[in-house]
Amino acid sequence: MAQRLADQACEACTSEDEPLSEEGYAEYLTELDDEVWEVVEEHHLEGTYAFEDFRDALEFTYEVGELAEEEWHHPDLHLQWGEVRVEMWTHKIDGLHKSDFVMAARMDRIHDDYAPE
Ligand SMILES: C[C@H](O)[C@H](O)[C@H]1CNC2=NC(N)=NC(=O)C2=N1
């Protein structure tokens, strides 16, 4: 059984990598929460997470920031009361890389801890 994306680390990407097309990322997309994530114009992942309040959204944002620093792969994070919107792509190749899906899967796992009671 292939290792789950959420159990993987980001691969170092180089500017020589080709951005993934739909055929290339279709399998990865199946591992993401489909109520959260969509691919926009085959260029980036956009995800929207809901929270009970601002503090939970803020703490989630901080945890994701720590993950990004650890993996050296960074999302755009838009924080508001009760919601965090995430945009994830690989700037170096101006498109999608496997590492973007690894990060999204890792964010899904972090969000599981904030699921409303
Ligand atoms: C300087 C450059 O930003 C770094 O090499 C890393 C940091 N984090 C990154 N994050 C993302 N999403 N894409 C990148 O290309 C990237 N590059």
Side-chain angles (χ1 to χ4, degrees):
M1 162 90 172
Q3 195 182 20
R4 307 279 299 162
L5 288 175
D7 295 323
Q8 296 183 39
C10 291
E11 296 167 1
C13 52
T14 67
S15 49
E16 284 72 54
D17 289 329
E18 275 300 306
L20 291 173
S21 63
E22 184 170 4
E23 185 186 5
Y25 61 69
E27 181 192 344
Y28 298 145
L29 194 54
T30 64
E31 287 196 43
L32 304 186
D33 183 337
D34 62 5
E35 292 184 12
V36 169
W37 295 102
E38 62 174 345
V39 175
V40 176
E41 295 172 3
E42 277 201 319
H43 173 263
H44 61 277
L45 283 161
E46 180 149 336
T48 303
Y49 290 104
F51 297 90
E52 295 277 305
D53 52 29
F54 184 83
R55 177 164 296 286
D56 276 6
L58 179 61
E59 288 177 5
F60 171 82
T61 304
Y62 187 79
E63 282 196 66
V64 170
E66 287 294 322
L67 171 66
E69 285 292 282
E70 180 186 304
E71 295 293 342
W72 199 239
H73 202 61
H74 301 83
D76 291 20
L77 299 169
H78 307 270
L79 169 65
Q80 63 187 75
W81 201 99
E83 180 178 290
V84 175
R85 188 167 52 80
V86 185
E87 292 171 349
M88 188 77 243
W89 79 99
T90 300
H91 298 243
K92 220 173 259 128
I93 61 174
D94 190 25
L96 286 167
H97 185 279
K98 178 183 179 185
S99 295
D100 299 311
F101 292 85
V102 169
M103 282 294 291
R106 299 278 292 274
M107 289 185 236
D108 284 348
R109 187 170 282 179
I110 292 171
H111 184 255
D112 288 347
D113 294 340
Y114 291 83
E117 277 89 40

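Both ligands and their constituent atoms are indexed starting at 1 by order of listing. Reckoned from all heavy atoms, side chains included, excluding hydrogens, waters and symmetry mates.
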Original post:
With a 4.0 Å cut-off, would you call R85 and E83 a salt bridge?
Top reply: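 The answer is no: the pair does not qualify as a salt bridge.
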
Original post:
Below 4.5 Å, heavy atoms only, C-beta onward: do L45 and E38 meet side chain to side chain?
Top reply: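 Of all side-chain heavy-atom pairs linking E38 with L45, none is under 4.5 Å.
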
Original post:
Is there side-chain contact between V86 and P75, with at least one heavy-atom pair below 4.5 Å?
Top reply: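 The answer is yes, as the side chains (C-beta and beyond) meet within the 4.5 Å cut-off.
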
Got the closest protein heavy atom to [atom], with its distance?
| atom | result |
| --- | --- |
| atom 17 (N) of ligand 1 | K92 NZ, 3.5 Å |
| atom 6 (C) of ligand 1 | W72 NE1, 3.5 Å |
| atom 14 (C) of ligand 1 | H91 N, 3.6 Å |
| atom 8 (N) of ligand 1 | H74 ND1, 2.7 Å |

Original post:
Does atom 4 (C) of ligand 1 have a protein heavy-atom neighbour under 4.0 Å away?
Top reply: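 Answer yes: something from the protein, a heavy atom, is under 4.0 Å.
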
Original post:
Would a search of protein heavy atoms around atom 1 (C) of ligand 1 find one under 4.0 Å away?
Top reply: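 False for atom 1 (C) of ligand 1.
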
Please list every donor-acceptor pair under 3.5 Å in which a side-chain atom of residues 102-109 meets a protein atom from a residue at least two apart or in another chain.
from, atom 1, to, atom 2, distance (Å)
R106, NH1, Q8, O, 3.0
R106, NH1, E71, OE2, 3.0
R106, NH2, E70, OE2, 3.4
D108, OD1, W37, NE1, 2.9
D108, OD1, Y49, OH, 2.5
D108, OD2, D33, N, 2.9
R109, NH1, A6, O, 3.4
R109, NH1, D7, OD1, 2.8
R109, NH2, D7, OD1, 3.1

Original post:
Considering only heavy atoms, does W89 approach ligand 1 within less than 4.0 Å through its side chain, its backbone, both, or neither?
Top reply: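 W89 to ligand 1: backbone contact only, side chain stays beyond 4.0 Å.
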
Subject >> Sequence-distant partners of D53, side chain to side chain contact (heavy atoms under 4.5 Å, CB included), two or more places apart >> reply: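 Scan of D53 (side chain to side chain contact (heavy atoms under 4.5 Å, CB included), adjacent residues dropped) gives R55, D56, W81.
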
Original post:
Looking at ligand 1, does any of its N/O atoms fall within less than 3.5 Å of an N/O of D100?
Top reply: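 No; every N/O pair is 3.5 Å or more apart.
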
**OP:** Can you label the angle between the F51 ring and the F60 ring as parallel, tilted or perpendicular, going by 30° and 60°?
**Re:**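 The rings of F51 and F60 sit tilted, inter-plane angle from 30° to 60°.
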
Original post:
Considering only heavy atoms of M88, which atoms of ligand 1 have at least one such atom less than 4.0 Å away?
Top reply: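 Contacts of ligand 1 toward M88, numbered from 1: 12 (N).
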
**OP:** Could you tell me whether the side chain of E31 and the main chain of L5 form a donor-acceptor pair under 3.5 Å?
**Re:**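 Between the backbone of L5 and the side chain of E31 there is a qualifying donor-acceptor contact (under 3.5 Å).
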
